[in-house]
Amino acid sequence: MIPQAFNYEAPTTLAGAIALLQKYGSDAKIMSGGHSLIPMMKLRLATPEHVIDISGIKGMEYIHEEGGYLKIGALTKEVALEESKLIHSKYPLITDATKMIADPSVRNLATVGGNLAHGDAANDHPAVMLALRASVLASGPNGDREISIDDFFLGFFTTALEPDEILTEIRIPIPPARSGGAYLKMERKVGDYATAGVAVQLSLDASGRCHQIGIALTNVSAASMRSTRAEEALRGQTLSDDLIQKAATMAAQDCDPNADLRGSVAYKRSIVKTLVTRAIHSAVERAGA
Amino acid sequence: MANITVHINGVAQTLDVEPRLLLVHLIRENLNLTGTHIGCDTSSCGACTVLMDGRSVKSCTVYAVQANGKEIMTIEGLAQGGLHPLQEGFKEEHGLQCGFCTPGMIMRCVDLLERNPNPTEDEIRWGISGNLCRCTGYNNIVKAVEYAAKKMQGAEVPAAETVA
Amino acid sequence: MSPDFDPIEAHLTMYMTTQAPHAIRTVIALVAGHVGLSEEKIRVIASDIGGGFGGKVPVYPGYVIAIAASVLIGKPVKWIEDRMENLQADSFARDYDMTCELAATKDGKIQGLRIKTLADHGYTDAAANPSKYPAGMFSICTGSYDYGVAFTEMDAVYTNKPPGGVAYRCSFRVTEAVHAIERMVDRLALEIGKDSAQLRMENFIKKEQFPYHSPLGWEYDSGDYGPALQKAMDIIGYDELRKEQAEKRKNGELMGIGICSFTEVVGAGPSKDFDILGIKMFDSAEIRVHPTGKAIARFGTKSQGQGHETTYAQIIAQELGIPDEHIHIEEGDTDTAPYGLGTYASRSTPTAGAAAAVAARKLRDKARKIAAYLLEVSEEDLEWEVGKFFVKGAPEKSKTIQELVFAAYTNHPQGMEAGFEATHYYDPPNLTFPFGSYICVVDIDKETGSIKIRRFVAIDDCGTIINPMIVQGQIHGGLTQGLAPAMFEELIYDEDGNMLNGSFMDYLVPTSVESPKWETGHTITPCPHHPIGAKGVGESPTVGAPPAIANAIIDALSHLGVTHIDIPITPLKVWNILVEKGVIEAV
């Protein structure tokens, strides 16, 4: 499989990359690890005239806490997330999800920024970031703007990024004490896109009640989605099995999956219900309930 | 055309390539290193796995231009004065049959053992989950990696156990 | 494949990934001889071809087009098929719709079997079956059990799919036959409430009944089925597992145990019955021992990773006493190798392996004559032990095989032909019938339908084992390849005939994570008609694994009234059943 010919640019600065975006407009595609874009180009589902490879831009690979946020550089590779002790100890939800993205060789090149900016609801990080109540930094000709993750995924392969903007950073509020998260994914075999995936991040208050909770779903809607109704049902409540079941049912009702080779609509809803239930239990356990 | 320099198995190669040329085609067609195979074209099978700056990548899903200035190692570059412990492990433990997946599998495992010198069976199985093998049923690949892990840590490895 | 036609010499060299290089050469000569592709000017070279599993036996349209292109332009041409083309346009293995009926007494003595099959063969039949067996060896479907009556018929239909019927690591439709009988035996066990292991034990053909004449006409060479099943039961702890299952059922947990006690039919085949396009299904070995006692041996088969280089060298080493590291094995070049039908249907050891033993024995006979001459005794006074002849009662008077080979070139008896070479075309007197018993244990997550293979024990009997490591490796690989159609792989079409899963993203080849850690073992019941008692093994596990897995999954659900599920059995199918049976509720 040979992609259509294209012009290749490899800017070494962010400003240079943005200038190229301004020059080429919608005929250009940003590439970081290339593991979403290149397969689409090989299948000729994507035929950009210009590919702007931003992987050579220095200073966009980092994972650190600063000013109340976990900040992840957009070019941070999946493998770095997978191996990060900080992520593992405080953001297990991210570790869970990262380990289930494709396979180790893909994770050596694929980046967290690319996974989000691709706008594919089948990708795993969108739900993770929705559950973590993250925001992303978009850099363009007029500087940076912070976009709440809730406003980022607009629809099928569509994000809030302007054609001349590049996603440069992900910001996640540092969770308070007694927080926990989990990501669960049903897949036909290892490395597959999710039949359904569920990300849960929650915090418990001193009395053990659910203080904050984010519940988001993978590959069961055109755009990556949160289940706000399920979150609201649990916020401020003691998380009884009964209540968790009810919230999980809401998430299953609120998602909007398509029937495909991975399963029927009813099946996917049922998987969502099961995984939400299990992910909440796991998150509570990790929160040290 | 783009002018790139790629260090392949320690040798700098400067070439003019089309941007759309895939790294695996550069390796196989331009440089005649046919140990790297193409098995699926959809980054599902791992037959094309090589090391790029020491990390395993699927060369069917990398453009040659992305390898500009980078160190690429293919299976041909692995043996240095005798077989690499992984190659020896695959040989001793019957870790290959038809050999089609083997170069990619071994290059993947070089990276795996680099990061995790003493993996459990479960870690090996997850570690090679992006590399398909149709012949071995994976049992003996796991054993081959365990053999190499021991050997690379300086342990004497007994000859393959007699099969019951 | 790369045909390279030289217009000056009118010579065609084809580098190709074929399992049957000689047959391909002949087919091309038969079809295109009249336009100048004369067989002596066609050379097929198959070097390391990757895995074959049956898919690399046929002649594909791409081959023909590439040859024609090379002949037309007088230059080498390369035909490359990518994976998506391979999945969408290459031949597929099977699409069998089988309706099975089993007759038995109330206490479980099997009396008869009837199977009607509708077989989809795509737009043309791709099965490279022996000429007299248009439905392959499906009639092995009576299995490992002793009963007098069986009937099977098959309707083949043409559809707009690619050609159907190539092997999928299976000796001509044995997989389908074994799946049918092994599912039916479990169905019977369920029907009469008898343990499925016990039911098998009670119905097995007994050791003393061999050679056994099956109701559909086969002569099973040898077998001892009970010990293989018993061994598998002992290793896996069968009785304990049944107890655990009963406990789990009380708690609403789903656990299943599945057995398959298969009989294979491989090693095609005897020339009286087996040919492909009229060419009898013998296979060949040619051994040349050089003056210094080092040998090259060539064969009509073609290894695809089965380790012929090791196994054949071991056979010759055992028969002649030349160390195996000094025996070079070569296959796949039609200009140098003796004629043979190739490697598929687990036939290499039963045919070419036998040819190696017989050719080596011819050489040993010649060595005996030379030894008698050199030691000045009669041939009858000589005794052989691996590597040398010695005089009976005077072991210090001996000649090593190396000395005898050297003499064949330097000091051979008057009237004897010089040199030390032998060729044998082995026509097997019968097929071989490897067998085995597999037991699989699964746990099912009743909320998601996910199926986890907890353990899988495979006891195989392939007769004499030449190289234990290679045999075990074949079994491991075959088991994973049997797991594939049982739970993962299928070609899915929409109602308009479009393939929906034409890449490895959706055609689900199992990874190291789905594939369990296989546990293997063996019993040994030698083949009575093979020179060294071997039967072949490559396909047994692919044939035996699917029913063991299917039986385990169905067993986990049988108390809910489930009697059958078509393979591949996916979590989705299980979930649908659990909803239908009211075990879980859809949202």
Side-chain angles (χ1 to χ4, degrees), chain A residues 1-12 28-29 31-56 75 77-80 82-84 98-111 114 187-193, chain B residues 1-4 17-25 29 38 40-70 104-105 107-112 114-116 119 122-132 138:
Chain A
M1 290 194 293
I2 314 285
Q4 183 177 294
F6 57 88
N7 167 48
Y8 175 78
E9 303 275 1
T12 52
K29 270 301 258 187
M31 178 171 81
S32 52
H35 274 64
S36 293
L37 182 62
I38 296 173
M40 291 182 79
M41 290 177 72
K42 288 176 74 176
L43 292 164
R44 302 215 176 189
L45 296 172
T47 53
E49 286 181 35
H50 308 276
V51 170
I52 302 169
D53 180 357
I54 59 170
S55 64
L75 291 184
K77 297 192 171 66
E78 301 291 355
V79 65
E82 189 181 347
E83 293 177 348
S84 161
T98 306
K99 284 184 168 172
M100 301 201 76
I101 293 172
D103 63 70
S105 293
V106 169
R107 298 199 290 271
N108 276 340
L109 278 183
T111 65
E187 49 189 8
R188 296 172 300 175
K189 69 174 217 180
V190 170
D192 190 18
Y193 288 109
Chain B
M1 292 298 239
N3 185 261
I4 59 168
V17 299
E18 258 195 291
R20 65 172 167 171
L21 182 75
L22 295 164
L23 178 59
V24 71
H25 288 141
E29 309 288 335
I38 301 172
C40 74
D41 259 328
T42 49
S43 56
S44 311
C45 81
C48 64
T49 305
V50 300
L51 297 184
M52 185 155 83
D53 285 349
R55 294 252 149 128
S56 65
V57 299
K58 293 183 165 179
S59 63
C60 79
T61 310
V62 177
Y63 289 124
V65 287
Q66 289 174 276
N68 188 21
K70 301 219 156 98
M105 194 68 88
M107 298 319 280
R108 168 65 207 130
C109 293
V110 172
D111 186 10
L112 170 68
E114 176 71 28
R115 285 188 232 176
N116 183 358
D122 209 39
E123 286 167 342
I124 294 170
R125 286 184 179 269
W126 280 86
I128 60 173
S129 63
N131 293 68
L132 297 177
Y138 304 104

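When reading the values below, keep in mind they use all heavy atoms of this one structure, side chains included, and skip hydrogens, waters and symmetry mates. Naming convention: chains lettered A, B, ... in sequence-line order (proteins, then strands); numbering from 1 in each chain. The model shown is predicted, which means the values in this text are computed figures rather than measured ones.
- A salt bridge links B:Lys58 with A:Asp103: the closest approach of a Lys/Arg side-chain nitrogen to an acidic carboxylate oxygen falls below 4.0 angstrom.
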May I have the step-by-step check of side-chain contact (heavy atoms from CB on, under 4.5 Å) for B:Val62 and A:Leu109, ending in yes or no? CA-CA 9 Å; B:Val62 177; A:Leu109 278 183; 3.5 Å; yes
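- Taken from CE in A:Met1 to SG in B:Cys40, the straight-line distance is 7.5 Å, to the nearest 0.5 Å.
- Of the listed residues (A:Ala5, A:Pro39, A:Ser55, A:Gly34), the greatest number of heavy-atom pairs within a distance under 4.5 Å of chain B belongs to A:Ala5.
- With a 4.5 Å cut-off on non-hydrogen atoms, B:Met52 touches chain A through its side chain but not through its backbone.
- B:Thr49 touches chain A through its side chain: at least one heavy atom from C-beta onward sits under 4.5 Å away, while N, CA, C and O do not.
- Proximity to chain A is absent for every atom of B:Asn68, based on heavy atoms less than 4.5 angstrom apart.
- Considering only heavy atoms from C-beta on, B:Arg115 comes within 4.5 Å of A:Val79 through its side chain.
- Around NZ of A:Lys42, the count of heavy atoms belonging to other residues, nucleotides or ligands within 6.0 Å exceeds 12.
- With values rounded to the nearest 0.5 angstrom, B:Leu51 atom CG is found 9.0 Å from A:Ser105 atom OG.
- Remark: B:Glu18 CD to A:Phe6 CZ distance equals 9.0 Å, nearest 0.5 Å.
- Heavy-atom contacts from other residues, nucleotides or ligands closer than 6.0 Å to CD of B:Glu123 number more than 12.
- Contact of A:Glu83 with chain B is made through the side chain alone, with heavy-atom distances under 4.5 Å.
- For B:Arg55, the parts sitting under 4.5 Å from any heavy atom of chain A are the backbone and the side chain alike.
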One pair to check against side-chain contact (heavy atoms from CB on, under 4.5 Å): B:Leu22 and A:Ile38. What are the steps and the verdict? CA-CA 10 Å; B:Leu22 295 164; A:Ile38 296 173; 4.2 Å; yes
Run A:Asn108 and B:Arg108 through side-chain contact (heavy atoms from CB on, under 4.5 Å) and show every step you take. CA-CA 11 Å; A:Asn108 276 340; B:Arg108 168 65 207 130; 4.3 Å; yes
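- The line from CG of A:Leu37 to OG1 of B:Thr61 is 11.0 Å long, rounded to the nearest 0.5 Å.
- Between the side chain of A:Lys99 and the backbone N or O of B:Trp126 there is no donor-acceptor pair closer than 3.5 Å.
- Ranking B:Ala2, B:Gly130, B:Pro19 against chain A, the residue ahead of the rest is B:Pro19, based on heavy-atom pairs under 4.5 Å.
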